[in-house]
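Every chain is numbered from 1 and lettered A, B, ... according to where its sequence line falls, protein lines coming before strand lines.
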2 protein chains.
Amino acid sequence: MTETFRKELVQRMTRNLLDIQLLRLIQTQPMWGYKIKKVVEALFGVTLRHGALYPMLNKLEQKGFLTSEKQKQGQRTRKVYTITRKGKQYVEAYAGILKEQLVGSDIK
Amino acid sequence: MTETFRKELVQRMTRNLLDIQLLRLIQTQPMWGYKIKKVVEALFGVTLRHGALYPMLNKLEQKGFLTSEKQKQGQRTRKVYTITRKGKQYVEAYAGILKEQLVGSDIK
DNA sequence: TACAATATGTCTCCGTTGGGACATATCTCA
DNA sequence: TGAGATATGTCCCAACGGAGACATATTGTA
């Protein structure tokens, strides 16, 4: 039961908070879209449609949370994303809330 | 900056994960809709529309995460909600994920 | 050579969600 | 008595987001 709840919640959180999950992942190391898709799917056991992923990455770059650099592998190009200072601050803000929510059965 | 991020994120999380926030709150003590609205607004500094709140509470009851009991205060009735075992399990599953996400800069 | 994997992008339809109004009743206090 | 707070509910329309298709190019492998 708890396991089904878990899956459902992970699915919801990777959907609704996709941007944050992406930032968190890229924070560990610079990464490109396709790699991210594979990692997320392996790690969280959820499908991540590339039709949702790529627009989100571009959006995050527009907002200044990520920067990108094209890397050539022969003829094929990868768009490698790196997190910015602003992006890190966003992730920090998120982590702060998580901490409160964990401690915070102290909601009175 | 971090403060604006914080507010934005709290707003997003109370919207997208409203059900969980409600369960978490009711878990601390049985509560009715109007009180919840006031507490959430005071505590999180976000507006919680009653047009979103009441349908959600009813939905959570239908799903078996909450039970309700009508309490009379003179002629006025309050619908007091209590969390069920199933509801608690859902909150636990959520807490589990939060823990992972906090520790889990270990995403490789 | 043909298929699967790597790699990145757009677009459209459809369903869900949210904002805000509509609705009603009681209670308290000035 | 009239306004504001308490208390719970529904409903509609617009906006947003997701599922899945459309699109294209390279690389590796059977």
Side-chain angles (χ1 to χ4, degrees), chain A residues 7-22 25-26 29-63 66-82, chain B residues 7-22 25-26 29-63 66-82:
Chain A
K7 278 211 173 150
E8 188 190 315
L9 280 164
V10 170
Q11 189 72 257
R12 280 177 66 187
M13 288 173 79
T14 44
R15 273 207 229 305
N16 299 321
L17 306 171
L18 177 62
D19 53 348
I20 295 163
Q21 306 307 327
L22 295 181
L25 197 59
I26 295 166
Q29 60 180 297
M31 227 179 275
W32 60 98
Y34 193 81
K35 177 82 180 290
I36 290 168
K37 183 177 151 66
K38 291 295 162 190
V39 171
V40 167
E41 287 177 349
L43 221 63
F44 301 131
V46 294
T47 46
L48 179 54
R49 293 168 309 103
H50 77 272
L53 174 62
Y54 291 113
M56 180 60 84
L57 287 171
N58 288 322
K59 210 171 134 191
L60 287 171
E61 192 179 10
Q62 277 168 39
K63 282 190 183 174
L66 293 175
T67 52
S68 75
E69 187 201 351
K70 292 214 169 159
Q71 279 183 7
K72 283 224 166 190
Q73 313 275 313
Q75 285 309 307
R76 183 186 287 166
T77 46
R78 284 176 181 166
K79 204 167 159 186
V80 178
Y81 290 92
T82 306
Chain B
K7 278 212 172 148
E8 188 190 313
L9 280 164
V10 171
Q11 190 71 256
R12 280 177 67 187
M13 291 174 77
T14 45
R15 273 205 232 305
N16 299 322
L17 307 171
L18 178 61
D19 52 349
I20 294 162
Q21 306 308 327
L22 294 182
L25 197 59
I26 295 166
Q29 59 179 297
M31 229 179 276
W32 60 99
Y34 193 81
K35 176 82 181 289
I36 290 167
K37 183 177 151 67
K38 292 295 161 188
V39 171
V40 168
E41 288 178 346
L43 221 63
F44 301 131
V46 294
T47 46
L48 179 55
R49 291 170 313 104
H50 78 271
L53 174 61
Y54 291 113
M56 180 60 85
L57 287 170
N58 288 322
K59 208 170 135 192
L60 287 172
E61 192 178 10
Q62 276 169 39
K63 281 190 183 172
L66 293 175
T67 52
S68 73
E69 188 202 351
K70 293 214 170 160
Q71 278 183 8
K72 284 225 164 187
Q73 312 275 313
Q75 285 308 307
R76 182 187 288 167
T77 47
R78 284 175 180 167
K79 205 168 159 186
V80 177
Y81 290 91
T82 306

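Per the geometry, NZ belonging to A:Lys38 stands 12 Å off P belonging to C:dT8, to the nearest Å. Remark: P of C:dC11 and CE of A:Met56 are 18 Å apart, rounded to the nearest angstrom. Rounded to whole Å, the distance from OH on A:Tyr54 to P on D:dA23 is 19 Å. If you measure from atom CD of B:Gln75 to atom P of D:dA5, you get 23 Å, rounded to the nearest angstrom. Rounded to whole Å, atom P of D:dG20 lies 14 Å from atom CG of A:Leu48. Distance A:Leu17 CG to D:dG17 C1': 14 Å, rounded to the nearest Å. One atom, NE2 of B:His50, and another, P of D:dT6, lie 14 Å apart when rounded to the nearest Å. Distance A:Arg49 CZ to D:dG18 P: 7 Å, rounded to the nearest Å.
Picking from C:dG9, C:dG19, C:dT8 the nucleotide with the shortest atom distance to the side chain of A:Trp32 gives C:dT8. Among C:dA23, C:dG19, D:dT6, the nucleotide with an atom closest to any side-chain atom of B:Arg15 is C:dG19.
Contact check for B:Asn16 versus A:Arg12: no side-chain heavy atoms found under the 4.5 Å cut-off. The side-chain heavy atoms of B:Gln21 and B:Val40, taken from C-beta on, include no pair separated by under 4.5 Å.
Considering only side-chain N and O atoms, A:Tyr34 lies nowhere under 4.0 angstrom from the phosphate OP1 or OP2 of C:dT8. Using a 4.0 Å cut-off, some side-chain N or O of B:Lys79 falls inside it from OP1 or OP2 of D:dG9.
Atom CG of A:Asp19 is separated from atom CG of A:Leu60 by 5.5 Å, given to the nearest 0.5 angstrom.
Across all strands, A:Arg76 comes closer than 4.0 Å to base atoms (heavy-atom distances). Backbone-only engagement by B:Gly33 is indicated by non-hydrogen atom pairs under 4.0 Å involving sugar-phosphate atoms exclusively. Within 4.0 Å (heavy atoms only), B:Lys35 reaches no atom of the nucleic acid at all.
A residue-by-residue look at A:Gly51 and A:Arg78 shows that A:Arg78 has its nearest nucleotide of DNA chain C further toward the 5' end. Mapping A:Gln73 and A:Gln11 onto DNA chain D by nearest heavy atom places A:Gln11 at the nucleotide closer to the 5' end.
The minimum heavy-atom distance between A:Glu41 and A:Thr47, with the atom names listed, is OE2-CA, 3.7 Å.
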Evaluation steps, side-chain contact (heavy atoms from CB on, under 4.5 Å), between B:Leu53 and B:Met56: CA-CA 5 Å; B:Leu53 174 61; B:Met56 180 60 85; 5.6 Å; no
